[in-house]
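Please read the structure below before turning to the comments.
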There are 2 protein chains.
Amino acid sequence: MNNYTQMLRNHNLKATPQRLAIVDMLYMHGHMSIDALYEVMIKRFSSISLATIYKNINLMLENTFIQEVKLPNFKSVYELTKESHSHTMCEKCGKINDINLDLDAIVNTASTLKNFEITKADLVLSGVCKNCV
Amino acid sequence: MNNYTQMLRNHNLKATPQRLAIVDMLYMHGHMSIDALYEVMIKRFSSISLATIYKNINLMLENTFIQEVKLPNFKSVYELTKESHSHTMCEKCGKINDINLDLDAIVNTASTLKNFEITKADLVLSGVCKNCV
DNA sequence: GTTTAAAGGAGAAAAATTATCTATAATCTT
DNA sequence: AAGATTATAGATAATTTTTCTCCTTTAAAC
Ligand SMILES: [Mn+2]
Ligand SMILES: [Mn+2]
Ligand SMILES: [Zn+2]
Ligand SMILES: [Zn+2]
């Protein structure tokens with residue numbers, strides 16, 4: 001029994017081949033849209049239903065096994081849940097990368113400024129990556 | 001000829017009553033989803049088509065007359081374009097507020113760290129507002 | 001191996017968004 | 001101000017995206 005199998009079961013999800021493949025794809029590609037995921041999944045499971053992708057993505061979201069990343073002007077992408085982090089997105093090539101930034105100061109400022117209890121900070125930095133300048 | 005009329009024309013948009021109302025609603029409410037906008041618009045224009053809302057929102061987005069704000073777990077909202085700013089969103093009552101935070105330090109750090117030319121920073125702080133604690 | 005509860009696939013259905021068409025209204029031209 | 005020009009609104013169809021239903025298959029438990 002491999003890694004992902006245990007991870008899925010820990011989240012009350014049966015470890016089906018389709019799910020293991022989804023996890024595998026997300027692990028390999030990092031951030032994937034529904035469409036991109038379906039495209040790679042159909043190669044492994046020629047008869048997989050798009051509904052299966054949606055159902056699993058939604059289930060995994062509910063179980064916080066994965067996270068949705070909303071991007072300006074683009075479709076959402078999904079990734080395996082890991083420590084909170086921010087993202088960069090290249091507007092030319094569309095490449096999305098993780099970036100660890102210390103947002104504590106900002107969050108604290110905001111919290112006191114607005115008397116607001118902050119539980120999550122979603123930051124997307126858009127621009128042009130080094131390969132696209 | 002009022003304010004909005006001129007603003008719309010400056011963006012190559014004819015100042016129709018429907019558009020003026022959309023601008024007015026966004027000005028009054030701040031951040032609105034497509035549905036919320038349609039709901040208030042139908043009160044003023046009983047026969048307005050949802051397609052008109054979509055067409056105008058998309059046109060105004062193209063002309064950067066308005067901006068889309070993508071929110072975790074919720075539908076996008078739209079607002080009149082103003083100076084770049086961040087948002088807080090209460091997960092209890094759904095209230096969205098503007099907040100001006102100095103992200104320069106963060107942006108610069110990210111830029112040098114990843115050799116990435118940043119043109120835009122979208123930050124949404126989720127949590128619980130003072131009215132909902 | 002048998003049981004059972006969950007998941008997959010096919011396709012229908014629903015929801016969201018966009019496109020097409022025509023009458024009308026906003027702006028431009030005189 | 002009147003007429004010409006062009007973009008827009010609204011009705012509706014079409015398309016796209018997402019969810020649901022139903023039945024079969026399969027993973028997990030015993
Ligand atoms: Mn990430
Ligand atoms: Mn705002
Ligand atoms: Zn790039
Ligand atoms: Zn609240």
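Below, chain A is the first sequence line, B the second, and so on; all start at residue 1.
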Grab the CD1-C1' distance between B/I34 and C/dT18 for me, whole Å please.
12 Å
Specify the separation, in whole Å, of atom CD of B/E62 and atom P of D/dT8.
11 Å
Return the nearest nucleotide to the side chain of B/Y54; candidates are C/dT17, D/dT19, D/dT8.
C/dT17
First of A/T16 and B/N56 reached from the 5' end of DNA chain D, by closest nucleotide
B/N56
Considering only heavy atoms from C-beta outward, does the side chain of B/E79 approach that of B/D98 to under 4.5 Å?
yes
B/I48 has a side chain; which of C/dT27, D/dG10, C/dA16 sits nearest to it?
D/dG10
Of the candidates D/dA9, D/dA28, D/dT8, the side chain of A/K14 sits closest to D/dA28
Do B/T52 and B/Q18 meet the criterion of a side-chain donor-acceptor pair at a distance under 3.5 Å?
no
B/Y78 atom OH is separated from C/dT17 atom C1', nearest whole Å, by 10 Å
Salt bridge present between B/D24 and B/R19 (N-O < 4.0 angstrom)
no
Considering only side-chain heavy atoms of A/K55, which listed nucleotide, D/dA11, C/dG8, D/dA9, is closest?
C/dG8
Options D/dA9, D/dA27, C/dT27, nucleotide nearest the side-chain atoms of B/R9
C/dT27
Please compare A/R19 and B/S49 by the position of their nearest nucleotide in DNA chain C and report the one closer to 5'.
A/R19
From C/dG8, D/dT19, D/dT8, nucleotide with atom closest to A/N58 side chain
D/dT19
If you assign each of B/L13 and B/L50 to its closest nucleotide in DNA chain C, which residue comes earlier from the 5' end?
B/L50
Between C1' on C/dA6 and CE on A/M60, what's the gap in Å once rounded to a whole number?
14 Å
What is the distance, rounded to the nearest whole Å, between atom CD1 of A/I53 and atom C1' of C/dG8?
11 Å
Nearest-Å distance, CG (B/D35) to C1' (C/dA15)?
10 Å
Checking C/dT17, D/dC20, D/dA7 against the side chain of A/A51 (C-beta onward), the nearest is D/dC20
If only atom types and distance count, is the side chain of A/D102 paired as donor or acceptor with the main-chain N or O of A/D104 below 3.5 Å?
yes
Could you tell me how far apart B/N12 (CG) and C/dA26 (P) are, to the nearest whole angstrom?
18 Å
With the side chain of A/S47 defined as its heavy atoms from C-beta on, choose the nearest nucleotide among D/dA9, C/dA10, C/dG8.
C/dA10
Side-chain N,O (B/Q18) to OP1/OP2 (C/dA25) below 4.0 Å:
no
note: B/L59, atom CG; D/dA9, atom C1'; distance rounded to Å ~ 12 Å
Strictly under 6.0 Å, is that where the ring centroids of A/H85 and A/H87 end up?
yes
